[in-house]
Amino acid sequence: LVQQIALLLVILAAWEAAGAWLVDPFWSSRPSLIAERLWILAGTGDLWIHLSTTISEAGIGLAMGCGVGIALGLLMARFDRATRVAEPLFMGLYSLPRVALAPLFVLWFGIGLLAKVMMSFSMVVFVFVLNVLEGIRSLDRDPIDLLRTMRASPWYIARRVLLPAVLPWIAAAFRIAVGLSLIGAVVGELIGSSSGLGWYIEKSAGQLDTTGVFAGIISLLIVAMVANLLVTLVFRKLTGWRQ
């Protein structure tokens with residue numbers, strides 16, 4: 001932790017020095033100016049409004065993507081032959097840039113919360129599906145076959161064998177999906193919104209306010225770091241029995 005803090009301080013000091021003596025702050029701003037802007041935004045309450053908006057959009061999309069993705073991954077693993085037939089189409093949908101769907105989401109769901117949630121959902125659901133599917137395919141089949149010979153139900157096998165075994169894969173999916181859910185929320189805000197960190201970044205860029213742009217980016221960075229830390233701590237507790 002000390003080394004991480006020291007690295008952060010070195011980067012901030014180098015950035016501050018570059019902005020003061022080497023580069024015009026118009027292009028890169030400075031940490032002191034960004035901290036001042038964040039302090040002003042926090043004092044007026046605007047920072048909390050933008051933070052809560054983006055976190056709500058990304059959080060709901062992440063939760064929906066997790067639930068649907070895990071369930072769909074288990075279902076696809078159960079019907080493996082049908083999955084292999086549909087896999088090219090599924091991978092095509094996964095590879096499709098979701099940014100291209102943003103205008104459609106605005107047409108379908110408006111410019112309110114639902115459009116951003118669905119954008120975040122579309123960014124993360126495939127990550128959970130693929131991780132769960134690959135995790136199950138990599139399992140030793142003997143315990144599953146043994147339970148089937150003992151007439152265990154598919155639900156019992158999923159709850160007692162499959163889900164505990166794929167927890168590390170789900171943890172890895174979460175760490176990837178946290179960033180993707182934020183990307184989905186921000187992209188949705190860029191297309192159409194009246195609040196949120198993405199909206200604030202776009203507004204600042206339109207006013208050539210580099211400090212405002214970096215203030216929004218730094219806020220997103222802090223949110224992503226905190227979310228990843230929480231995911232790591234939670235799954236470390238859940239998978240401690242595997243150590």
Side-chain angles (χ1 to χ4, degrees), residues 50-77 83 86-106 108-138 158 162-163 165-193 196-199 201 216-217 219-236 238-239:
H50 297 317
L51 272 175
S52 62
T53 298
T54 301
I55 291 174
S56 298
E57 296 161 354
I60 297 173
L62 179 62
M64 289 174 54
C66 173
V68 173
I70 292 175
L72 189 56
L74 292 172
L75 190 63
M76 291 174 69
T83 297
E87 195 162 9
L89 176 60
F90 182 84
M91 293 305 297
L93 291 174
Y94 171 64
S95 303
L96 181 70
R98 253 74 76 200
V99 176
L101 299 178
L104 278 179
F105 284 3
V106 171
W108 291 342
F109 307 113
I111 62 172
L113 175 67
L114 183 58
K116 286 78 171 180
V117 168
M118 293 307 297
M119 177 60 69
S120 291
F121 169 80
S122 70
M123 296 287 285
V124 304
V125 64
F126 291 99
V127 176
F128 284 102
V129 171
L130 292 175
N131 272 41
V132 170
L133 186 59
E134 291 302 318
I136 292 175
R137 285 176 174 174
S138 66
L162 299 183
L163 281 177
V166 299
L167 265 180
W169 293 79
I170 295 174
F174 253 107
R175 299 194 68 173
I176 299 172
V178 163
L180 291 177
S181 65
L182 286 172
I183 291 172
V186 169
V187 168
E189 290 169 0
L190 293 176
I191 297 297
S193 184
L197 293 174
W199 174 84
I201 291 171
I217 292 173
S219 300
L220 285 171
L221 176 64
I222 293 172
V223 170
M225 290 172 63
V226 171
N228 271 301
L229 177 61
L230 292 176
V231 168
T232 300
L233 293 176
V234 168
F235 279 96
R236 187 175 295 168
L238 293 176
T239 59

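Residue numbers start at 1 and run along the sequence shown. Keep in mind that what you see is a predicted model, and the values were worked out from it rather than measured.
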Next on the checklist: Ignoring hydrogens, what is the shortest heavy-atom contact between G73 and L133? Give both atom names and the distance.
Outcome noted: O-CD1, 4.1 Å

Checklist entry - Can you find a heavy atom in the side chain of T53 that is under 4.5 Å from one in the side chain of E189? => result yes

Checklist entry - Once you round to the nearest 0.5 Å, how far does CD1 of I183 lie from CG of L190? => result 11.5 Å

Next on the checklist: If I take atom CH2 from residue W169 and atom CZ from residue F128, how far apart are they, to the nearest 0.5 angstrom?
Outcome noted: 14.5 Å

Next on the checklist: If I compare all heavy atoms of R175 with all of V231, which pair ends up nearest, and what's the gap?
Outcome noted: CG-CG1, 4.0 Å

Item to check | Which atom of L182 lies closest to which atom of A58, heavy atoms considered | outcome: CD2-CB, 3.8 Å

Checklist entry - Ignoring hydrogens and geometry, is there a side-chain-to-backbone donor-acceptor pair from S120 to V117 under 3.5 Å? => result no

Checklist outcome for this item: CD1 of I222 to CD1 of I217, rounded to nearest 0.5 Å, is 12.5 Å

Checklist entry - Do the rings of W199 and H50 sit parallel, tilted or perpendicular, given the 30° and 60° boundaries? => result tilted

Checklist entry - Within a strict 4.5 Å, meaning less than it, do heavy atoms of the L130 and M91 side chains meet? => result yes

Checklist entry - With a 4.5 Å heavy-atom cut-off, do Y94 and V129 have their side chains touching? => result no

Checklist entry - Are side-chain heavy atoms of V223 and T54 found at a separation under 4.5 Å? => result no

Item to check | Distance (rounded to the nearest 0.5 Å) between I176 CD1 and N131 CG | outcome: 5.5 Å

Item to check | Partner of I70 by side chain to side chain contact (heavy atoms under 4.5 Å, CB included), out of V166, L75, I170, V125 | outcome: I170

Next on the checklist: Please verify the inter-ring angle class for F105 with F109; under 30° counts as parallel, over 60° as perpendicular, anything in between as tilted.
Outcome noted: perpendicular

Checklist entry - How long is the gap from CG on L233 to CG on N228, to the nearest 0.5 Å? => result 11.0 Å

Item to check | Side-chain (S181) to main-chain (L62) donor-acceptor, under 3.5 angstrom | outcome: no

Checklist entry - From L180 CG over to F126 CZ, what is the distance, rounded to the nearest 0.5 angstrom? => result 12.0 Å

Checklist entry - Would V234 and F174 count as a side-chain contact (heavy atoms from CB on, under 4.5 Å) if you check the C-alpha gap in whole Å, the side-chain angles of each, and the deciding distance to 0.1 Å? => result CA-CA 11 Å; V234 168; F174 253 107; over 6 Å; no

